Each structure stands twice: as structure tokens, then as C-alpha cells.
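In what follows, a single structure is set out as C-alpha cells and then discussed.
Order of the sequence lines fixes the chain letters, A, B, ..., with proteins taken first and strands second; residue numbering starts at 1 for each chain. Predicted, not measured: the structure shown is a model, and the values here were computed from it.
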Number of protein chains: 2
Amino acid sequence: MKRESKAQSDLYEAVFAALAHPARRRILTTVNFEGGAMQAGEIAAMFEHAWPTTTRHLRVLVEAGLLHDERRGRARVYRIDRKRLELVRDWLAWFSKDPG
Amino acid sequence: MKRESKAQSDLYEAVFAALAHPARRRILTTVNFEGGAMQAGEIAAMFEHAWPTTTRHLRVLVEAGLLHDERRGRARVYRIDRKRLELVRDWLAWFSKDPG
DNA sequence: CAATTACTTCGCCATATGGCTAAATGACTG
DNA sequence: CAGTCATTTAGCCATATGGCGAAGTAATTG
């Protein structure tokens, strides 16, 4: 296995930071469970905190590439990018067997 | 698959938060690469930041259960707990196939 | 037992994060 | 085109995080 490149570690950076907050992990699992896409309003309704707080979490997830957003009329749809989650699996691979 | 229990989500909480910082991820990969255990001093030497900063990161990792520490004379040895990393894999399993 | 080694703990400070309300935007509806 | 709906942006504030140097502790060494 190659040494972790700079660009690669930057991606890890955003993804792991995004996953650090429970609300953001819940957004991901729920959107996934609901078929991979949900409107902002549906997502916001899951939480007790105010809507702008959810908007902020959504932005973090989008910036990490874990979600993509798309306008649908006056709604906004957030769709999960499962490929980006693979990055986490990739990182875990460093631990899967003893060092060679 | 069962719904995520409270205790379980608390574990996730600590683990994901611990993995959010690049220094802490580097500690884990390096300790793993070096055979699973390293002394505090060796770990601190990897970084440009001051030793107390490393001590703090180590504490976060221990509290997340990702490392365990043990005194060895006047040194302290940190050992990786690979089982705890499985928690991350477990969480990722929520995404491995379409909702049923 | 005094000094040194190997760390950790303490207290401080700057920045980042995550919450809020109020205001702005952009699309649809009458 | 005025109003409403869905959502974001702006600006504010409290707390959490991560850095530091200085001081403390526990084991080993002279």
C-alpha cells in the first residue's frame, strides 16, 4: 500500500470531520434508509433543533462530498454519495492485517 | 438490523469524534504499522507540536477505547485496540446495501 | 537521596463548532 | 405581481477543541 498522499488525506479530513457529529451521522443513515434522497424539510423535521442548524449540517456533509444537492422546484433534494463513504472503508483497510 | 441503541451511539460518538483529527488518525496508523504498540515519547516525536498536545490526543484516543495504555517503568506504552475500530465498520454496514 | 528521564497535568488563549433568531432568496400560486 | 412556501444566509453567542509553556509526578540512576 502506498503512503497516504496529501490530496487523499484532505479528503479523509473532510469526511471524518463530517462524521464526527451525531446529527450528521443520523442524516446519512436516515437518507440512506429512505432510499438515498430526501428533501431538506424532511431532514430538518427529524430534529428538535432549528432548521438553519440542519442546513449547516447539510452543508458540511455536502462539502465532504457525502451528500449532493439538487434543486427540485422550491424544494432542495439531498442525495447520498455512497462512494464517498468508501473512503472510510479505505482508511480502515490500514488496520485489516498486520504490517508487512 | 436493530435500531441503534443509546449505549451503542455513545460509543460511536467517542470513536468518530476521536477519528476527526488528523493527528489522532496518524497516531493510530503509525502505532498499528509499528506492530500495535508504541511509547508516548516515540509517538510525540512524530509531531512538530509540543508533547502535551500529543498527550492530549492520546487521552482522547484512550477515552474512545481505540488505545489502551500501560506503564512500563517510567515510560508509558500505548497499544491499539483494533476491535474498537470495528465499530466504524459496523456503522458503515448500514450503507452496504439498499434498505429492506 | 539528589538528579535525571519520561511523561502528564494545569491553566491559559485563540479558533472552530454548533446552536439560535431574523432576514434574504427563489420558485410556485392566486 | 403580491403572497406564500421551502429553504438558505447572516450575524450573534456559548461552549468545545487544540495549541502552548510551566509545573507536577513517578520511576530509574548516580
Side-chain angles (χ1 to χ4, degrees), chain A residues 9-31 34-80, chain B residues 9-31 34-80:
Chain A
S9 59
D10 284 353
L11 293 187
Y12 284 154
E13 183 56 24
V15 169
F16 278 103
L19 296 181
H21 199 287
R24 291 191 296 258
R25 288 196 304 279
R26 191 141 90 86
I27 289 171
L28 290 177
T29 52
T30 307
V31 169
E34 296 293 319
M38 278 174 86
Q39 295 194 356
E42 302 178 281
I43 297 172
M46 301 164 37
F47 295 100
E48 293 189 0
H49 58 231
W51 192 331
T53 300
T54 295
T55 297
R56 178 120 70 166
H57 286 309
L58 288 169
R59 200 171 57 214
V60 172
L61 288 165
V62 167
E63 275 164 13
L66 291 162
L67 290 180
H68 297 292
D69 60 332
E70 181 200 342
R71 277 211 101 104
R72 283 286 275 169
R74 58 187 155 184
R76 190 179 297 256
V77 173
Y78 288 87
R79 187 173 306 276
I80 199 167
Chain B
S9 60
D10 284 352
L11 293 187
Y12 284 154
E13 184 54 24
V15 169
F16 278 104
L19 296 180
H21 199 287
R24 291 192 296 257
R25 288 196 304 279
R26 191 141 91 84
I27 289 171
L28 290 176
T29 52
T30 306
V31 169
E34 296 293 320
M38 278 175 85
Q39 295 193 356
E42 303 177 282
I43 297 170
M46 300 164 39
F47 295 99
E48 294 188 0
H49 59 231
W51 194 329
T53 300
T54 296
T55 297
R56 179 121 69 168
H57 284 311
L58 288 170
R59 202 171 56 213
V60 172
L61 289 165
V62 167
E63 276 166 12
L66 290 162
L67 292 180
H68 298 290
D69 59 332
E70 180 199 344
R71 275 211 102 104
R72 284 286 275 169
R74 57 187 156 187
R76 190 180 297 258
V77 173
Y78 288 87
R79 187 174 306 275
I80 198 167

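- Formation of a donor-acceptor pair under 3.5 Å by the A:R25 side chain with backbone atoms of A:L19 is found in this model.
- A sub-4.0 Å separation between OP1 or OP2 of D:dT7 and a side-chain N or O of A:Q39 is present.
- Contact check for B:E70 versus B:R79: side-chain heavy atoms found under the 4.5 Å cut-off.
- Taking 4.0 angstrom as the limit, B:W51 places none of its side-chain polar atoms (N or O) nearer than this to OP1 or OP2 of C:dA6.
- Residue A:A75 is classed as a sugar-phosphate contact, given heavy-atom separations below 4.0 Å to backbone atoms only.
- Between the CD atom of A:E42 and the C1' atom of D:dC5 there is a distance of 15 Å, given to the nearest Å.
- Following rounding to the nearest Å, B:E48 (CD) and D:dG18 (P) show an atom-to-atom distance of 18 Å.
- A:H49 has no side-chain polar atom (N or O) that falls below the 4.0 Å cut-off from OP1 or OP2 of C:dT21.
- Following rounding to the nearest Å, B:L67 (CG) and C:dC7 (P) show an atom-to-atom distance of 14 Å.
- When rounded to the nearest whole Å, the span between CZ of A:R25 and P of C:dG18 equals 11 Å.
- OP1 or OP2 of D:dT8 sits under 4.0 Å from a side-chain N or O of A:T55.
- A close approach under 4.0 Å does not occur between any side-chain nitrogen or oxygen of B:T53 and OP1 or OP2 of D:dG18.
- Summarising the geometry, the separation between CD on A:E70 and C1' on C:dA27 is reported as 15 Å, rounded to the nearest angstrom.
- A distance of 8.5 Å separates CG in A:L61 from CD1 in A:I43, rounded to the nearest 0.5 Å.
- Within the nucleic acid shown, B:R24 comes within 4.0 Å of sugar-phosphate atoms alone, with no base atom in reach, counting heavy atoms only.
- Contact annotation: A:Y78 reaches the phosphate of D:dT8 (side-chain N/O to OP1 or OP2, under 4.0 Å).
- Heavy-atom nearest nucleotides on DNA chain C were determined for B:D69 and for A:A23, and the one closer to the 5' end corresponds to B:D69.
- At a threshold of 4.0 angstrom between heavy atoms, the contacts of B:F47 with the nucleic acid are absent.
- Considering only side-chain N and O atoms, B:R71 lies nowhere under 4.0 angstrom from the phosphate OP1 or OP2 of D:dA26.
- Two residues are said to be in side-chain contact when any heavy atoms from C-beta on lie closer than 4.5 Å; A:R59 and A:E63 meet this criterion.
- Between B:A18 and B:A64, the shortest heavy-atom contact is CB-CB, 3.8 Å.
- Rounded to an integer number of Å, the gap from CD of A:E63 to C1' of C:dA16 is 14 Å.
- The side chain of B:R76 places an N or O atom within less than 4.0 Å of a non-bridging phosphate oxygen (OP1 or OP2) of C:dT8.
- Residue contacts shown for A:R56 include a base, since a base heavy atom lies under 4.0 Å away.
- Contact check, A:H57 against D:dT8: no side-chain N or O comes under 4.0 Å of OP1 or OP2.
- Under the 30°/60° scheme for interplanar angles, the aromatic rings of A:F47 and A:H49 are found to lie parallel.
- Rounded to a whole Å, the CZ atom of B:R59 is 8 Å from the P atom of C:dC10.
- Between the CD atom of B:E13 and the P atom of D:dA16 there is a distance of 12 Å, given to the nearest Å.
- Proximity note for B:R74 (side chain, C-beta onward) versus C:dC20, D:dA27, C:dC7: the nearest is D:dA27.
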